[in-house]
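As the structure lists them, so they are numbered: ligands from 1, and atoms in each ligand from 1.
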Amino acid sequence: MYILGIDTSFDDTAAAVVYKETILSSVLSTELSVHQKYGGVVPSLARNAHAHNIDLVIARALKRAHIDWDVIDAIAVTRGPGLAIALEIGIAKAVELARLQKKPLVAVNHMEGHLLSFLARPLPKRSSLKRNYPDLSAIFPTLSILVSGGHTQFVYAERIGSYRIVGETKDDAMGEAFDKVGRLLGLGYPAGRLVEMMARKGKYTSVRFPIPMQQVKTAETSFSGLKTAALRVVEGIRADHGELTADDISAVAHGFQAASIQHLQEKIDYCLAELHKEGVSVSSLTAGGGVIANTEVRISLKKIAKKEGIPLYLPYSKKLCTDNAAMIALAGYYQAAVGNYVECQETIDRLPTMRLSSDLVA
Ligand code: KG4
Ligand code: ZN
């Protein structure tokens, strides 16, 4: 099955073509300079950029995949969660193309895309890695760690299409905290990758952050306290010797990153312990979302999986961690494979607060 995927949930305009789990093309357009000017994503500007870029992005995805419309079996589009006025652009375009090209439509939950992104495969000839692909039955049930700019969720996935959120953030998402602390340190937007880079510049232990929610027996995470702690540290440094030096920035970035990863790790441990108590076993640990591009986060997940004696599956490239339409096409493929199509294309609407649930039906 060949699937065209479209995602306009946030600031990236994305389209991709997959053949089953194999990515044939994945195209992304981001008007980063616009958002950087405002230090974050401005919904109306994101919408304008989507409207401006979407036709070109889709055309490029088809061209790079060397695929004509007659080969495409279905169109998959993100229905939510995301910015309402941004989602609308992708959905309207998908509906228009489905009618024009007489294709069935699949509505995808963006978080299911992140959750399944570890299953995507590169074209064999482009891949230098020889990977073994385990059977789905060896992977599921899995505990999926989803950490992005908008979400921090621990999801028990019994199988593809059956999801239970067992823990999530009660305030900021982890990526959002990286962005806010990065902004405080003058690193621009989005800052996650730059915070990681600065943190690596030295093994500073001079700035220690308190680990959130250690005494609270819950699978909830909280990152807003770390952001406030970073603000206090920065104010302290400024009062002491004026503007931040590169060493100061590295020290704060290192302290913040170390504390946020320890917090994440402790809450994943808690989730796994709770699932064990329920008598629920997981066959693997899986992960997706922009923050999974962080090397230290990956190392911490590897440690947890090793301790649990289960395998860890991550997206094969960091580009698959951050937003992309290949993961939407892939999630769409699994739904199309079981005939889960949108019944009435004309009335499909965006769901900005769409949540993962036990029975994802379009
Ligand atoms: O998944 P994503 O592209 O978009 C959402 O669905 O939110 O995630 C973007 C988030 C941003 O907050 C960005 O700062 C963060 O992922 N991020 C990182 C890294 N790369 C991206 N955070 C920490 N370390 C990184 N290397
Ligand atoms: Zn995302």
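Neither the backbone nor the side chain of M174 comes within 4.0 Å of ligand 1, counting heavy atoms alone. Only the backbone of C321 comes within 4.0 Å of ligand 1, judged by heavy-atom distances. By the criterion of a heavy-atom distance under 4.0 Å, both the backbone and the side chain of D323 are placed next to ligand 1.
Salt bridge annotation for E278-R164: present, with a cationic side-chain nitrogen under 4.0 angstrom from a carboxylate oxygen. Ion pairing of R47 with E88 is present here, as a side-chain N (NZ or NE/NH1/NH2) and a carboxylate O approach within less than 4.0 Å. Contact check on E346 versus R99 returns a salt bridge, with a Lys/Arg side-chain nitrogen under 4.0 Å from an Asp/Glu carboxylate oxygen. A salt bridge links K93 with E96: at least one charged nitrogen is closer than 4.0 Å to a carboxylate oxygen. Under a 4.0 Å N-O distance rule, the pair E235/R232 does not qualify as a salt bridge.
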Step-by-step salt bridge (Lys or Arg N to Asp or Glu O under 4.0 Å) determination, E196 to R193:
CA-CA 5 Å; E196 179 184 3; R193 202 176 51 81; over 6 Å; no
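Each of the following atoms of ligand 1 lies closer than 4.0 Å to a heavy atom of H114: 1 (O), 6 (O). Every atom of ligand 1 is numbered from 1 in the order shown, and the set under 4.0 Å from a heavy atom of G150 is 7 (O). Taking every non-hydrogen atom of F178 and a distance limit under 4.0 Å, the qualifying atoms of ligand 1 come out as 23 (C). Close approach of ligand 1 to G175 (heavy-atom distance below 4.0 Å) involves ligand atoms 12 (O). Those atoms of ligand 1 that come under 4.0 Å of a heavy atom in H110, given as number and element, are 6 (O).
Counting only protein atoms, the N, O or S atoms lying less than 2.8 Å from the Zn ion (ligand 2) are H110 NE2, H114 NE2, D323 OD1, ordered by chain and residue number.
Here the protein heavy atom with the shortest distance to atom 10 (C) of ligand 1 is G149 N, 3.4 Å. Of all protein heavy atoms, the one closest to atom 20 (N) of ligand 1 is G290 O, 3.4 Å. For atom 22 (N) of ligand 1, the nearest non-hydrogen atom of the protein is G192 CA, 3.4 Å. Of the protein's non-hydrogen atoms, N294 ND2, 3.1 Å is the one closest to atom 24 (N) of ligand 1. Atom 14 (O) of ligand 1 has its closest protein heavy atom at D179 OD1, 2.6 Å. Nearest to atom 26 (N) of ligand 1 among the protein's heavy atoms is E196 OE1, 2.7 Å.
Annotation: F178 is not in aromatic contact with F223 [ring centroid separation under 6.0 Å not met].
Around the NZ atom of K307, the shell of radius 6.0 Å holds more than 12 heavy atoms that belong to other residues, nucleotides or ligands.
In this model, a donor atom of one side chain and an acceptor atom of the other lie less than 3.5 Å apart for T142 and T286. Between the side chains of D171 and S222, a donor-acceptor pair is found at a separation under 3.5 Å. Checked by atom type, the side-chain pair S250/D247 shows no donor-acceptor distance below 3.5 Å. Defined by atom type and a distance below 3.5 Å, a donor-acceptor pair is present between the side-chain atoms of E308 and H276.
Rounded to the nearest 0.5 Å, atoms CZ (R79) and CD1 (I328) are 13.5 Å apart.
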